[in-house]
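This chain uses plain numbering: 1 for the first residue, then up along the sequence.
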Amino acid sequence: METDDLTAAELRVYRAFARGATVDFRDPPGEDTARGAEWGPERTVRAAVLRDLLLDPPRQDGEVASLRLKGARVTGALDLQYASCEHAVQLSDCFFERVPLLYGARLRQLDLHGSVLPGLDSATLRVEGVLRLTGCRFAGPVRLGGAEVAGALFRDRARIAAPDEDRPALQLNHVTVGDGLSAPGLNVLGEIRLTGAAVAGSVDLSEARLDHPGGSALDGQTLGVEGDLLLRRAQVSGRLGLRGSRIAGRLDLSYARLSNPLGPALRASSCTIGEIWLRKGPPPTGGLNLRRTQVDVLFLEPEMVPDEVHLGNLVYTSLDPHEPAERRLPMLERDRDGYVPHAYEQLTAAYRRIGDDRAARLVQLAKQRRHRGTLPWYGRLWGHVQDAAVGYGFRPLRAAGWLLSLLAVGSVAYTVHRPRALKPAEAPEFDPVFYTLDLLLPVISFGQESAFAPAGWYRTLAHVLVLTGWILATTVVAGITRTVSRQ
């Protein structure tokens, strides 16, 4: 590089490079980098000069060369496509007039924190260390698809405004991160695409604001996260899609606000997730789709359940916090797929694991009542009879109550009007209680029913007691059979 062609500002950068020293043009520190277009030649550096430094660097014995520049106005496009650079690059709080081109580049480390850029074209970028985009502001799309970052990827408080319906604002599809992806406070106007990404640590999007109404705010299909996916206190306008993802830790949506009135606010179907936390916030505006997902711990507060859910084949080991069945059942009733038996069985199993048998029975009773609505009229009629008689076998004491009530009615009636004996000489002594029991219990005989015959209205009462006895016996047997088969 010919130093005679360099400006005073560029010469400072050239001399500092070989020593790895920092050139700080900021005046004062903390100024608004967005006004970088107004900066003069005293702090302007051509992108071509930076490129030449990185590709044909000056060397100084005993020093580790690196590019460390703060508060500069970078003119032209920094074109490092397919280039290999063995030096760390720090261009923080800089104003870029054009989009840096880093497609296919190989860098030791890249730090752009606090800079303002019209976009970033860095698909298939390879970074041996850390990629830091903390506090950056982008006026166009950021492309990191297929990038490999051996260390961590930082995007804390970064802002991207690229509401282009045809392409995502932030492309992280198939990115590989050797550590974590840290982006608390991230603000994106447009879509984030994380499909097929693999993160060895956690993904932190706490307090992020993702805004893509009517579309996909975050598309994370088949995302793989070895740690946690954190969206605590995040505000998401648009669909949060995680179909087919694998999250070893927890998906934490505590205090989050999810809104997608035109479809599912959260679609986490066909996923494998350690824990899902939906707590301490308003219910999502839109649907909740957890079809075919496997979860160890589902921490779902009843107040967080939206009006539309899809829970078909959702499998969970534990359901927290522990709530009465009456507060959990509305969740199953809101399933847009209608009656889903598996959802009731899962809730029953969760209660049984913690020893709450009463809640488990209530869920099974609700299941039978919901199933009744899917039957033809005669099936529904018989279902109402079973429900009224013994609560489908889950309320056996109700049968005893019916039996005692009918026994009292029959005993009083036949005490007042004693039936005549069919064979007076052979008939046993009449007992109104045992006679009524003979009518009510179809299997047991006390020798009363065959010896006496009531007349008139009392004969009709006898037929009613016989019919009722058969109905009670049948419903009790059906309930016992159903209970035993589940155990």
Side-chain angles (χ1 to χ4, degrees), residues 325-326 329 333 338-339 341 344 348 357-487:
E326 293 85 353
L329 287 171
E333 295 165 359
Y339 169 59
Y344 287 89
T348 300
D357 292 331
R358 176 187 175 276
R361 288 194 299 271
L362 287 177
V363 174
Q364 285 297 308
L365 178 57
K367 175 188 175 184
Q368 294 301 322
R369 288 172 173 171
R370 187 80 181 276
H371 176 249
R372 185 172 66 208
T374 66
L375 300 175
W377 69 267
Y378 50 85
R380 293 196 299 272
L381 178 61
W382 177 240
H384 282 293
V385 171
Q386 287 185 296
D387 196 357
V390 291
Y392 284 100
F394 298 104
R395 292 178 175 174
L397 291 179
R398 184 178 293 180
W402 279 107
L403 182 62
L404 291 174
S405 299
L406 293 171
L407 179 61
V409 170
S411 299
V412 170
Y414 294 116
T415 298
V416 173
H417 190 281
R418 177 175 175 171
R420 67 180 180 86
L422 294 176
K423 297 179 179 180
E426 301 176 6
E429 182 180 353
F430 179 75
D431 188 316
V433 175
F434 283 103
Y435 180 74
T436 306
L437 283 174
D438 250 352
L439 297 175
L440 287 172
L441 302 178
V443 179
I444 302 173
S445 175
F446 296 96
Q448 295 279 319
E449 181 184 3
S450 60
F452 299 93
W457 181 87
Y458 295 95
R459 175 178 291 180
T460 303
L461 175 60
H463 293 327
V464 170
L465 291 175
V466 170
L467 178 61
T468 306
W470 275 104
I471 291 175
L472 283 174
T474 305
T475 53
V476 168
V477 171
I480 293 174
T481 303
R482 187 182 295 113
T483 303
V484 171
S485 65
R486 287 194 188 91
Q487 296 174 349

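Residue P432 comes nearest to S411 through the heavy atom pair CB-O, 3.6 Å, listed as atom of the first residue, atom of the second, then distance. Taking each heavy atom of L329 and L362 in turn, the nearest pair found is CD1-O, 4.3 Å. Nearest heavy atoms, Y344 versus Q364: O-NE2, 4.2 Å. Of all non-hydrogen atoms in A325 and A359, the two that sit nearest each other are CB-O, 3.7 Å.
For the atom pair R372 CZ and R369 CZ, the distance stands at 6.5 Å (nearest 0.5 Å).
Ion pairing between E429 and R418 fails under the 4.0 Å rule for side-chain N and carboxylate O.
Remark: side-chain polar atoms of R370 are not paired, donor with acceptor, to backbone N or O of P341 under 3.5 angstrom.
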Assess whether side chain to side chain contact (heavy atoms under 4.5 Å, CB included) is satisfied between L375 and H371, documenting all intermediate values. CA-CA 7 Å; L375 300 175; H371 176 249; 3.6 Å; yes
